[in-house]
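Notes follow the structure.
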Amino acid sequence: MSDAPATHDAPARTDFIRQIVRDDLACGKHTAIKTRFPPEPNGYLHIGHAKAICLDFGIAAEFGGTCNLRLDDTNPAKEDPEYVRAIQDDVRWLGFEWASLRHASDYFEVFYLAAEKLIRQGDAYVCDLSPEQVRAYRGTLTEPGRESPYRNRSVEENLDLFRRMRAGEFPDGARTLRAKIDMASGNINLRDPALYRIKHVPHQNTGDAWCIYPMYDFAHSLSDAIEGITHSLCTLEFEDHRPLYDWCVDKVDLAHNPELLAPLLAKGLPLEAGKPRQIEFSRLNFNYLVMSKRKLLALVEEGLVDGWDDPRMPTLQGIRRRGYTPSALKLMVERVGISKQNSLLDISVLEGALRDDLDAHAPRRMAVIDPIKLVLTNLPETHEEWLRFANHPKDASQGERMLPFSRELWIEREDFAEAPPPGFKRLTVGGEVRLRGAGIVRCDAVVKDASGEIVELHGTLDPASRPGMEGANRKVKGTIHWVSARHAVAAQVRLYDRLFTVPNPDTAEDGKTYRDYLNPDSRRVVAGYVEPAAAQAAPETSFQFERLGYFVADRYDHTPDKPVFNRSVTLRDTWSQKG
Ligand code: ATP
Ligand code: MG
């Protein structure tokens, strides 16, 4: 669970949802709160889901309550066990543990009994209208709907037809079970919404047991009630569904009709039914990303990215591989806050949270990603020393490491200029630069190949400028990073950048789609060198490579012999400067 103390008075956050929870506990409406995170297993979770997860699990933990993970698997056609596994992996990665893992399909029998209860109460009926007719009867925002000619069937006829629906007597779409509410309601969701539909499709959890499946509003509200969820948090698009949510909960009234819960006992599930309250909050949306599962699926299926866990994807599997940390995501969620105002946030909010988290926590290492050799000609061939470096400039608790230094170094090609532009502060022929932590070097000469390309630099290390010596603080304009050529480990470095070039790839103009705005430079793979202490890191270890940015050892491909690092984020926001 999160590290927040599990007491009733500790939380300091003051958003409106936490205030409701606090009030409900203070007035004794609830003695313990219970939430749930209810993803549909039809795709991978994305950054938006991280907000819902942090809220659902975070609030439960802060107020000493519990949170269930519920797979909302009521739509058999689109669901897959692969997604179920990934969802669990993602929630745990964020640092949360569910009190109980449930499937909406665990409750199919309860839903069925609840539907029969509604029929007996005269609150539901079997309707024979085709989907097109249902639409035509529904009316519009300005016009009331018309009542179905099947609306006043007797309870007996409805029960008979509903049982025969379950028994598989009718083809897909032939009939539905509908709630009998109000065809003139201003809220279209209340115009006799469907509760059950016929679908002869096997289900990932229940196999061939069912050929009728409950609709979302019915299944979701009753699932919350069955689990005794006190606060059912969801995104704003469900605000208009809340009257139907409450209607289902109240009409079925599981808390006072325990006979409906008997199927749970057969499954070994506890009886904990209650009356849940739905509360909506705004969705998380960022520019420069697409986040709907449908579009993410298209990116994968069309080969525009290398799969769901491509580090450029906004899936949790993707950003994890990119080097995002659970604490960075929690920081982002904290900064964004909870409101009822939908908005498109700037991606810099996400990247800034990662930068701030890694700046505070990631150890520093040296790496060179576009190497050119610098030979210190006044050192002997065999020169080798190990210099002491702090792992983190602001966090002494991270300790120190030894970094090898020798006669031949790799430095960045762009840290040298034969014809320096005005203001160039790094190495030039005849000029001096500080080698980070190792002394001051003067470049004496360049060595070129037949084509005129510079292949090597020759320089002299000022012996009086070594660390600890009198001249160590002598002023020179620039400081550059380096690694010892003999000791460094060759590494593959993947330089990731934003997947899209425009802030709103989702708005198709001139027949264009997000596919037309893919950033051709969103991934560059280069061959570099890293210091031994970086190569030896375990997969998923994050570092700041000094002066280069934040990098992570790839979750799947990195080994100490063949290191692979992914750039998580640059040191500064280079996009906002581009204008
Ligand atoms: P998408 O529309 O991206 O495919 P979804 O809403 O269909 O996602 P679900 O699996 O139904 O995804 O979502 C599970 C929970 O996560 C729901 O409570 C939903 O409200 C919440 N959620 C989904 N997307 C976001 C988002 N962008 N911001 C905050 N919460 C979200
Ligand atoms: Mg959904």
Side-chain angles (χ1 to χ4, degrees), residues 15 17 34-60 67-80 82-88 90-91 94 96 98 101-105 204 214-217 219-221 223-224 227 229 231-242 245 276-300 308 313-319 329-330 332-345 347 349-350 505-506 514:
D15 57 78
I17 297 182
K34 204 161 177 191
T35 59
R36 86 292 170 261
F37 172 62
E40 183 179 357
N42 63 347
Y44 282 76
L45 299 182
H46 51 59
I47 297 168
H49 291 111
K51 177 178 177 182
I53 292 170
C54 288
L55 258 184
D56 293 324
F57 284 93
I59 288 184
C67 181
N68 285 350
L69 174 60
R70 183 198 314 141
L71 298 155
D72 177 20
D73 55 351
T74 50
N75 185 1
K78 291 192 293 178
E79 293 156 7
D80 197 299
E82 175 195 345
Y83 301 135
V84 175
R85 279 191 298 276
I87 288 168
Q88 296 182 52
D90 288 337
V91 172
L94 282 172
F96 298 111
W98 43 91
L101 176 72
R102 301 291 176 88
H103 291 80
S105 55
Q204 55 115 358
M215 301 302 287
Y216 176 83
D217 291 296
H220 187 241
S221 55
S223 299
D224 284 346
E227 292 172 22
I229 301 303
H231 300 82
S232 174
L233 314 179
C234 64
T235 35
L236 274 181
E237 70 270 23
F238 295 106
E239 195 165 24
D240 288 348
H241 294 241
R242 193 185 339 132
Y245 180 99
R277 169 174 176 187
Q278 174 178 307
I279 306 170
E280 309 85 16
F281 63 91
S282 60
R283 288 178 84 86
L284 187 63
N285 283 306
F286 284 109
N287 61 12
Y288 289 101
L289 295 181
V290 298
M291 217 126 75
S292 99
K293 285 179 198 155
R294 189 174 52 78
K295 287 174 186 157
L296 297 178
L297 182 65
L299 288 171
V300 172
W308 287 100
M313 289 282 272
T315 53
L316 296 183
Q317 294 283 325
I319 60 166
L329 288 170
K330 289 175 184 165
M332 177 275 292
V333 168
E334 191 88 0
R335 286 180 179 172
V336 166
I338 308 300
S339 80
K340 275 189 169 286
Q341 212 63 50
N342 269 329
S343 64
L344 186 66
L345 294 172
I347 189 80
V349 175
L350 180 68
D506 253 342
Y514 55 94

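The figures here come from the full heavy-atom set of this structure, side chains too, leaving out hydrogens, waters and symmetry mates. Just so you know, ligand 1 is whichever comes first in the structure, and atom 1 is the first atom listed for that ligand.
Remark: the S232 side chain and the R277 side chain contain no N/O donor-acceptor pair separated by less than 3.5 Å. Q88 and Y83 form no side-chain donor-acceptor contact under 3.5 Å, judged by distance and modelled atom types alone. Between the side chains of D73 and H103, no donor N or O sits under 3.5 Å from an acceptor N or O.
Judged by the shortest distance from any of its heavy atoms, H46 lies inside the 4.0 Å radius around the atoms of ligand 1.
W308 approaches M313 most closely through the heavy-atom pair O-CB, 3.9 Å.
In this structure, H46 contributes its side chain and M291 its backbone to a donor-acceptor pair below 3.5 Å.
Contact atoms of ligand 1 toward P39: 10 (O), 14 (C) (distance under 4.0 Å to a heavy atom of the residue). Close approach to E40 involves these atoms of ligand 1, each under 4.0 Å from a residue heavy atom: 9 (P), 10 (O). Ligand 1 places these atoms under 4.0 Å from at least one heavy atom of S292: 3 (O).
Residue-to-ligand polar distances keep P38 apart from ligand 1: every N/O pair is separated by 3.5 Å or more. On a distance-only criterion, K51 and ligand 1 share no N/O pair closer than 3.5 Å. Looking at ligand 1, you'll find an N or O of K293 within less than 3.5 Å of one of its N or O atoms. In terms of polar-atom proximity, defined here as any N/O pair under 3.5 Å, N285 makes no such contact with ligand 1. Below 3.5 Å of separation, one finds no N or O of S282 facing any N or O of ligand 1. Between R283 and ligand 1, a contact under 3.5 Å exists for at least one N or O pair.
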